[in-house]
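One structure below.
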Amino acid sequence: MLDRIQAPEGAGREIPDAATREVIGRAPVASVEDLDDAIARAKAAQPAWEALGHEKRSELLLAAADAIDANAEGLAYLLSREQGKPLNGPNARFELGACSAWLRTNATTVIEPQVLVDDETLHAELVYKAAGVVGAIGPWNWPLMITIWQIGPSLRMGNTVVAKPSEYTPLSVLAMLAVMNEVLPADVLIGVSGDREVGARLASHPDIDKIMFTGSTATGRRIIESSAGNLARLTLELGGNDAGIVLPGTDASAIAEDLFWGAFINTGQTCAAMKRLYVHDSVYDEVVDALAAIAEQVPMGNGLDEGNVLGPLQNRPQFDIVSRLVDDAKSRGARIVTGGEPASDLGELFYRPTIVADIDNDAALVQEEQFGPALPVIRYSDVDEAFELANSLDVGLGASVWSSDPDEARAVAARMQSGTVWINSHGGLHPMVPFGGVKSSGYGLEFGVEGLKSVAVTQVVSGPGRKA
């Protein structure tokens, strides 16, 4: 699979195995001129792609989903090496399954014109048309799945797409695009692997009509600035630092497993993972102990080992962030219940699953998004205070409320300032349920009908009404 996408020997950028740091292959490094050419080709291909209509485009997207499934094992193997996530558990094979599932949902979701007025004098409809050329800028944590979230709805609505993968995980994305392009028309979907200069040009290019970006808030702000000149429409899914609140009297043993995976899925490298947990005095010790027991037993190691379900941090900068935040918590007197140190015996970028208790809310590990395998658990005694602390940061991607009484949790869920609130779970997504953030976690919705609308432009068609 690599021989179809990687740069020739001696060219491009070396991409290491996240676990072993051995070189996997060499990613092409496109120039700004290469990007300009790709956008021109996508722009030229767009009218014919839109003219195919929804039925034919859906047929081709379903064929692309079949192609992903047919190549899923090879793609999962490459993804595991490049990103670091294990093959099993909610990881590489899971991600490939999500790619085809989301693509099929994009292909089959019905979107109808909205009738605004229909009477004797006027019939007016709101219709949804292709925006044009979409620039899709993806992250390194779920590189394949999030790329599908961007390109699937865009293609369905008649747009063409120029996709730029993260510099950390380009090979697996380019491989998936190559598989899809076996069934799609030429230049409808183009992958461009390059550095930040290429990303900045993609965001500011005058022929880009829509930008979809998943990544840090800081980069999102730069994309907003870059896109000002061409007024490209934006969908931004940015940083999270999601909070969870465990209400008084909750059965710790009943929620522990879901709490753990809400925080540690993909070794904590998930935008909508739970990054800080507020637990009431009445169940605090039980919750901390239950989480630690799971953390101490969960298998971590090289992702190609079928028994592992946690892997390394994907890159050195992220490893350094996690180390710095945990070390700061130690210096403040927080209690490291388990973990709290690198797992150097496993490899360069492994960090042990870490539960941090008795930590102040103003600690950096609470206030900053760690994006790794370290969960701070903050004690509270007053429910109103817990919601105040959870809402105190300028982020709002997801949040969760946990209780032995789901109705009680649902009753207070609206107090969370976030785009999504989960009850007795955290981070679960569905291809028909809209997803997006508030505050500095971005704007715009993905998934379902709302996701299709987000990559379209609206047009009102207004004419004579029904005859009396």
Side-chain angles (χ1 to χ4, degrees), residues 240-265 267-268 273-298 300 310 313 319-343 351-393 395 398-404 409 412 415-416 424 426-427:
N241 206 357
D242 288 10
I245 296 179
V246 178
L247 296 178
T250 303
D251 181 355
S253 63
I255 64 171
E257 192 79 19
D258 291 328
L259 273 176
F260 180 86
W261 286 111
F264 287 88
I265 185 172
T267 316
M274 185 168 58
K275 311 289 178 31
R276 50 201 172 106
L277 179 62
Y278 297 89
V279 181
H280 189 263
D281 272 331
S282 64
V283 292
Y284 185 85
D285 291 335
E286 291 89 340
V287 168
V288 168
D289 291 345
L291 287 171
I294 297 171
E296 289 168 357
Q297 295 182 18
V298 66
M300 169 180 273
L310 293 182
L313 276 301
F319 178 91
D320 291 343
I321 289 171
V322 174
S323 297
R324 171 179 62 83
L325 294 175
V326 174
D327 288 347
D328 177 78
K330 292 178 186 177
S331 72
R332 291 169 170 265
R335 176 165 57 101
I336 306 300
V337 185
T338 191
E341 61 184 6
Y351 200 95
R352 300 195 190 285
T354 300
I355 304 297
V356 182
D358 302 331
I359 184 170
D360 293 333
N361 191 69
D362 61 357
L365 182 59
V366 179
Q367 296 293 309
E368 300 179 31
E369 185 180 24
Q370 69 276 48
F371 217 69
L375 178 66
V377 187
I378 305 98
R379 185 191 300 266
Y380 76 88
S381 57
D382 180 83
V383 173
D384 291 337
E385 177 193 17
F387 280 96
E388 181 179 347
L389 294 174
N391 292 329
S392 63
L393 302 184
V395 288
S400 55
V401 181
W402 304 75
S403 174
S404 295
V412 299
R415 299 178 65 181
M416 285 293 208
N424 287 352
H426 195 111

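Because the structure is predicted, anything quoted here is derived from the model rather than measured.
To the nearest 0.5 Å, atoms CG (L325) and NZ (K330) are separated by 12.0 Å. In this structure, CG on L365 lies 12.0 Å from CD1 on I321, to the nearest 0.5 angstrom. Separation of atoms CZ (R276) and CD (E369) is listed at 10.0 Å; rounding is to 0.5 Å. With values rounded to the nearest 0.5 angstrom, L313 atom CG is found 7.5 Å from S323 atom OG. To the nearest 0.5 angstrom, E385 atom CD is 10.0 Å from H280 atom NE2. Atom CG of residue D242 and atom NE2 of residue H426 lie 3.5 Å apart, to the nearest 0.5 angstrom.
When all heavy atoms of I336 and G339 are compared, the closest pair comes out as CG2-O, 3.5 Å. For P353 against M300, the heavy-atom pair with the smallest separation is CD-CE, 3.8 Å. Among all heavy-atom pairs drawn from M416 and A390, the shortest one is SD-CB, 4.1 Å. When all heavy atoms are compared, the tightest approach of A256 to L291 is O-CD2, 3.9 Å. Looking at every heavy atom in both residues, N241 comes nearest to Q367 through ND2-O, 3.3 Å. Nearest heavy atoms, A273 versus I265: CB-CG2, 4.5 Å.
You'll find the side chain of V298 reaches within 4.5 Å of the side chain of W261, heavy atoms only. Here the side chains of I355 and V377 are in contact, with some heavy-atom distance below 4.5 Å. Here the side chains of Q370 and K275 are in contact, with some heavy-atom distance below 4.5 Å. Put simply, the side chain of L310 does not reach to within 4.5 Å of the side chain of Y351, judged on heavy atoms. For the pair D285/R379, a side-chain contact is recorded, criterion being any heavy-atom separation below 4.5 Å from C-beta on. A 4.5 Å side-chain heavy-atom check between D384 and R415 finds at least one atom pair inside the cut-off. Taking 4.5 Å as the limit, some side-chain heavy atom of I378 sits within range of a side-chain heavy atom of I359. Here the side chains of Y278 and V383 are not in contact, with every heavy-atom distance at 4.5 Å or above.
Within the 3.5 Å criterion, the main-chain N or O of R335 finds no donor-acceptor partner in the side chain of D358.
In the model, N361 has no side-chain atom that pairs as donor or acceptor with a side-chain atom of Y380 under 3.5 Å.
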Indicate every side-chain donor-acceptor pair of residues 246-255 with a distance under 3.5 Å to a residue at least two apart or in another chain.
from : atom 1 : to   : atom 2 : distance (Å)
T250 : OG1    : L247 : O      : 2.7
T250 : OG1    : W402 : O      : 3.4
D251 : OD1    : S253 : N      : 3.1
D251 : OD1    : S253 : OG     : 2.7

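When the shell of 6.0 Å around CD of E388 is examined, it contains 12 or fewer heavy atoms from other residues, nucleotides or ligands.
The pair R324-D320 fails the salt-bridge criterion, with no side-chain N (NZ, NE, NH1 or NH2) lying under 4.0 Å from an Asp/Glu carboxylate O.
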